Engineer: 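To start, I am sharing the structure in question, which I have written as structure tokens.
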Amino acid sequence: MNEQVIDHSTQAINAGSKSFAAAARLFDERTRQSAVMLYAWCRHCDDVIDGQVLGQGQVQGDRTAGAARLAELVELTERAYAGEPMSDPAFAAFQQVIERHRIPRQYPLEHLAGFGMDVQRYAYRTVDDTLLYGYRVAGVVGLMMARVMGAEADTTLDRACDLGLAFQLSNIARDIIEDAEIGRVYLPADWLADAGVPEDEVSLPRHRAALAPLAARLVDLAEPYYQSASQGLRDLPLRSAWAIATAHGIYRQIGIEVKARGAAAWDTRVSTSRAQKLQFLLGGSMLALASRRMRITPRPDSLWARPR
């Protein structure tokens, strides 16, 4: 495997997501390589659409020509599946992952469709609209990561998708103000209307008190998806289960902290400390071990179901 591609991917994850980087170190070497290469492709696509570098500079990002950028990403993805040589390191990494783990073509294309919702300034009228976005930008990443870990059963993939959805709901709650500053509002319009917050004023400080209950509502919405996702750990190899259980704890804590801060949630960016990450690493090991004996309950019908 091309060491340059792996090095590029590792740098991308270390700079773009300290939370996922911490969890990814727990995978066995082969799984870790694929996971970080897949992450590098996801990060690259997000950066291309938003004119960022490794997720940095969101407010200053250049979002002109978004449709053209998206079309190029779709074309490169199709070419990767056609087996054409990839010169871009992120797409070279992506091509290795999809070939190694037989990742269905519809997953990455669905992921790019999520970025298309940003480009098209999709209007999020109801919570189902928000969940559709969460599925595309994060749920399908869960599906692809599950394939990287060797999971193929639909029931396991459903749980992986639930975890991606939960992650994204936590992220949306954390980033409400930052997203609104660049014209992106993922909160359902009917929630905002009930709270008396105009969609074009979400970023204004005077609405923080009204937004806090909506952020808490998102965090509460994520909780059953986190619970469902934990039921999929038993079907993963132990080290993969440890990595996912650790990430589960870290991202869930972000939402808990947003909810606890209330109107002050956006004064500084919510993140987990190094000590907390260590705590979740240890807790993840115990949850992974416990999952071997976990009694599995059916996935609740009330949860949003991924398209088949």
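Everything numeric in this text was worked out from a predicted model, so none of it was measured. In what follows, residues are counted from 1 in the order of the sequence shown.
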Engineer: So, R100 and S34: side-chain donor and acceptor under 3.5 Å apart, yes or no?
Structural biologist: yes
Engineer: Just by modelled atom types, is the I250 backbone N or O under 3.5 Å from a matching donor or acceptor in the K277 side chain?
Structural biologist: no
Engineer: Are the side chain of D46 and the backbone of C42 linked by a donor-acceptor contact shorter than 3.5 Å?
Structural biologist: no
Engineer: Knowing that exactly one of E84, H44, Q96, R79 qualifies, which makes a side chain to side chain contact (heavy atoms under 4.5 Å, CB included) with F91?
Structural biologist: H44
Engineer: For D175 and E178, indicate whether the former's side chain and the latter's backbone hold a donor-acceptor pair under 3.5 Å.
Structural biologist: no
Engineer: What residue pairs, at least two apart or across chains, pass ring pair (Phe, Tyr, Trp, His ring centres under 6.0 Å) with a residue in residues 259-308?
Structural biologist: Y135-W304
Engineer: Going by the rule ring-ring contact (aromatic ring centres under 6.0 Å, His included), which residues pair with F115 if we only count those two or more places apart in sequence or in a different chain?
Structural biologist: H111
Engineer: By salt bridge (Lys or Arg N to Asp or Glu O under 4.0 Å), which residues pair with R159, not counting sequence neighbours?
Structural biologist: none
Engineer: Can you find a pair of side-chain heavy atoms, one from C161 and one from Y225, that are under 4.5 Å apart?
Structural biologist: no
Engineer: State plainly whether the residues R299 and D162 are in salt-bridge range, i.e. N to O under 4.0 Å.
Structural biologist: yes
Engineer: Is there a path from I176 to I256 through hydrophobic residues (I, L, V, M, F, W, Y) whose side chains come within less than 4.5 Å of each other?
Structural biologist: no
Engineer: Determine whether L169 and L131 make a side-chain contact, defined as any pair of heavy atoms from C-beta on separated by less than 4.5 Å.
Structural biologist: yes
Engineer: Would you say the side-chain atoms of R239 pair up with the backbone N or O of F27, donor to acceptor, closer than 3.5 Å?
Structural biologist: yes
Engineer: Between I177 and L211, is any pair of side-chain heavy atoms under 4.5 Å apart?
Structural biologist: yes
Engineer: For E29 and Q33, which I'm curious about, is there any donor-acceptor pair between the side chains at under 3.5 Å?
Structural biologist: yes
Engineer: Can you list every side-chain hydrogen bond (donor to acceptor under 3.5 Å, both in side chains) pair that touches residues 241-250, not counting sequence neighbours?
Structural biologist: none
Engineer: Between the side chains of D158 and T155, is a donor N or O closer than 3.5 angstrom to an acceptor N or O?
Structural biologist: no
Engineer: Are L70 and L112 packed together at the side-chain level, in the sense that at least one heavy-atom pair is separated by less than 4.5 angstrom?
Structural biologist: yes
Engineer: Any donor-acceptor pair under 3.5 Å linking the side chain of S291 with the backbone of A288?
Structural biologist: yes
Engineer: Quick one: list whatever passes salt bridge (Lys or Arg N to Asp or Glu O under 4.0 Å) with R102, sequence neighbours left out.
Structural biologist: E152
Engineer: Can you see whether T268 engages R261 through a side-chain donor-acceptor pair at a distance of less than 3.5 angstrom?
Structural biologist: yes
Engineer: Between D190 and R125, is there a side-chain N and carboxylate O pair less than 4.0 Å apart?
Structural biologist: no
Engineer: Under 4.5 Å between any side-chain heavy atoms of L192 and L214, yes or no?
Structural biologist: yes
Engineer: Between E75 and E72, is there a donor-acceptor pair closer than 3.5 Å when you use the side chain of the first and the backbone of the second?
Structural biologist: no
Engineer: Please determine if R217 and D220 form a salt bridge, counting it only when a charged side-chain N lies under 4.0 Å from a carboxylate O.
Structural biologist: no
Engineer: Quick check for you: to the nearest 0.5 Å, what is the distance between R292 atom CZ and L287 atom CG?
Structural biologist: 9.5 Å
Engineer: Are M286 and L238 connected into the same hydrophobic cluster when the rule is that any two of I, L, V, M, F, W, Y join if their side-chain heavy atoms are below 4.5 Å apart?
Structural biologist: no
Engineer: Under 4.0 Å between a side-chain nitrogen and a carboxylate oxygen: does that hold for R69 and D50?
Structural biologist: no
Engineer: To the closest 0.5 Å, what do you measure between CH2 (W41) and CE (M144)?
Structural biologist: 5.0 Å
Engineer: So do L281 and L26 actually touch side chain to side chain, heavy atoms under 4.5 Å?
Structural biologist: yes
Engineer: Does the Q231 side chain pair with the main chain of T297, one donor and one acceptor, at a distance under 3.5 Å?
Structural biologist: yes
Engineer: I need the M145 CE to S240 OG distance, nearest 0.5 Å.
Structural biologist: 11.0 Å
Engineer: According to the ring pair (Phe, Tyr, Trp, His ring centres under 6.0 Å) rule, which pairs have a member within residues 174-204, sequence neighbours left out?
Structural biologist: Y124-Y186, Y133-Y186
Engineer: Is the closest basic N to carboxylate O distance between E257 and R174 below 4.0 Å?
Structural biologist: no
Engineer: So, are D47 and R43 salt-bridged, with charged N and O less than 4.0 Å apart?
Structural biologist: yes
Engineer: Between F167 and Y226, what is the ring plane arrangement, given parallel below 30°, perpendicular above 60°, and tilted in between?
Structural biologist: tilted
